Amino acid sequence: MSLEDEVVASFAEAKNARFREVTTSLVRHLHAFVADVRLTELEWAGAIDFLTRTGQKSDERRQEFILLSDVLGVSMAVIDVNHPTAGNATESTVLGPFFVHGAPEFALGEDISAGAPGTPCFVEGSVTNTDGEPIPGAVLDIWQSDEDGRYDVQYTDLDGPRGRGRLRADAEGEYSFWTVRPQAYPIPDDGPVGELLAAGGRGPMRPAHVHFMVVAPGHRTLVTHVFSSDGAHLDDDAVFGVKRSLIIDFVRHEPGRAPDGRELAVPFHTARFDVVLALDGNGNGDGVGSAGWDPE
Ligand code: BEZ
Ligand code: FE
């Protein structure tokens, strides 16, 4: 029996069939990888050192392993396996490390920026099912960076959340909010993942985007972003999160009246993002557990 077969066989008595399936495949791929590249002992020691430092860099504010998964495209691969495109439903992309449970609630049309620096931006849209029927009361969690490309949680001197909030779609399934125009930003690159990017001649930048998590009973929870069509890095997103269908126009306007009637003395942007939710797997679930996210 080969070494590889021996290792696989060592898991044969595992009670959980899925565990057996995953460990078997993992062992086979790892052994094939070692043979394929003829891995040296020095390289393996270097890899173990890299993974050790990845763990050491992680704490409750920083998750370097998720970042590693993101820059290797594994996060997107897992999303693609678990959230295949469902007809005209809005596509999913990475959650990222800056989602925070318990974002402040806002009424429709309010400003979620809470003083974050940036150009005012009005975002509106609808939440419907794949038949175009509105989903009243759908819960939208929204979070984004400011004009300096930083999230509120990356500041140490803020009093509270900024550039994040929770809204509920109205009786027609419509939502709207004010915010600031998002900007491209670098993912945290002062750790082992940054070393990996540098060694690969890769940059840390993500294109400008606004994150959405949309939850409604009976529907699949959607975790996604919208990307600004006029921004840089749409073609070299450090975490491979861009999908063409998620790129929208953030239209610039001169000072004047905004779509909600507000008068602005400064230039502003507007964007429309219509969200389409797929039915939950069995069509009658509660929509919350489908992606593992609980909006409380
Ligand atoms: C984000 O978009 O917030 C993000 C996603 C993956 C890695 C780092 C940041
Ligand atoms: Fe982001």
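In each ligand, atom 1 is the first atom listed, and ligand 1 is the first ligand listed. A quick note: this is a predicted structure, and the numbers were derived from the prediction, not measured.
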Notebook entry, point to check: Given His219 and Val214, is the side chain to side chain contact (heavy atoms under 4.5 Å, CB included) satisfied, shown in steps?
Noted result: CA-CA 9 Å; His219 297 80; Val214 188; over 6 Å; no

For [atom], closest protein heavy-atom neighbour:
atom	result
atom 9 (C) of ligand 1	Pro97 CD, 3.2 Å
atom 3 (O) of ligand 1	Tyr185 OH, 2.8 Å
atom 5 (C) of ligand 1	Gly96 CA, 3.4 Å

Notebook entry, point to check: Any idea how His211 and His209 line up, ring-wise: parallel (<30°), tilted (30 to 60°), or perpendicular (>60°)?
Noted result: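 Judged by the thresholds at 30° and 60°, the geometry between His211 and His209 is perpendicular.
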
Next item on the list: Fit a plane to each ring of Tyr185 and Phe98, take the angle between them on a 0 to 90° scale, and name the class: parallel (under 30°), tilted (30 to 60°) or perpendicular (over 60°).
Entry: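 If you compare the ring of Tyr185 with that of Phe98, the planes turn out perpendicular.
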
Next item on the list: Determine yes or no for a side-chain-to-main-chain donor-acceptor pair under 3.5 angstrom, with Arg220 supplying the side chain and Ala278 the backbone.
Entry: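 Not confirmed, Arg220 side chain does not pair with Ala278 backbone.
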
Next item on the list: Measure from the side-chain N and O atoms of Arg181 to the backbone N and O of Gly118, and report whether any donor-acceptor pair falls under 3.5 Å.
Entry: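 No.
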
Check: Measuring from the heavy atoms of Tyr151, does anything fall under 4.0 Å of ligand 1?
Finding: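 Within the 4.0 Å threshold, so yes.
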
Contact atoms of ligand 1, heavy-atom distance to [X] under 4.0 Å:
X	result
His211	1 (C), 2 (O), 3 (O)
Leu67	7 (C), 8 (C)
Asp70	6 (C), 7 (C)
Ile187	7 (C), 8 (C), 9 (C)
Phe98	3 (O), 9 (C)

Item checked: Over 12 foreign heavy atoms within 6.0 Å of CD, Glu41 ->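 12 or below, so no.
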
Checklist line | Leu196 CG to Phe50 CZ distance, which is reported to the nearest 0.5 Å | finding: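 Taking CG in Leu196 and CZ in Phe50, the distance rounds to 5.0 Å.
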
Notebook entry, point to check: Does His209 bring an N, O or S atom to within less than 2.8 Å of the Fe ion (ligand 2)?
Noted result: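 A backbone or side-chain N, O or S atom of His209 is under 2.8 Å from the Fe ion (ligand 2).
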
Next item on the list: Quick one: report the N, O or S atom of His211 that is nearest to the Fe ion (ligand 2).
Entry: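 Output for this pair reads NE2.
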
Margin query: Using the rule side chain to side chain donor-acceptor pair (under 3.5 Å), only one of Arg162, Gln144, Arg164 pairs with Asp152; which is it?
Written below: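 Testing Asp152 for a side chain to side chain donor-acceptor pair (under 3.5 Å) against Arg162, Gln144, Arg164 leaves exactly one candidate, Arg164.
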
Notebook entry, point to check: When you draw lines from the Fe ion (ligand 2) to OH of Tyr151 and to OH of Tyr185, what angle lies between them, to the nearest 10°?
Noted result: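 That angle is 100°.
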
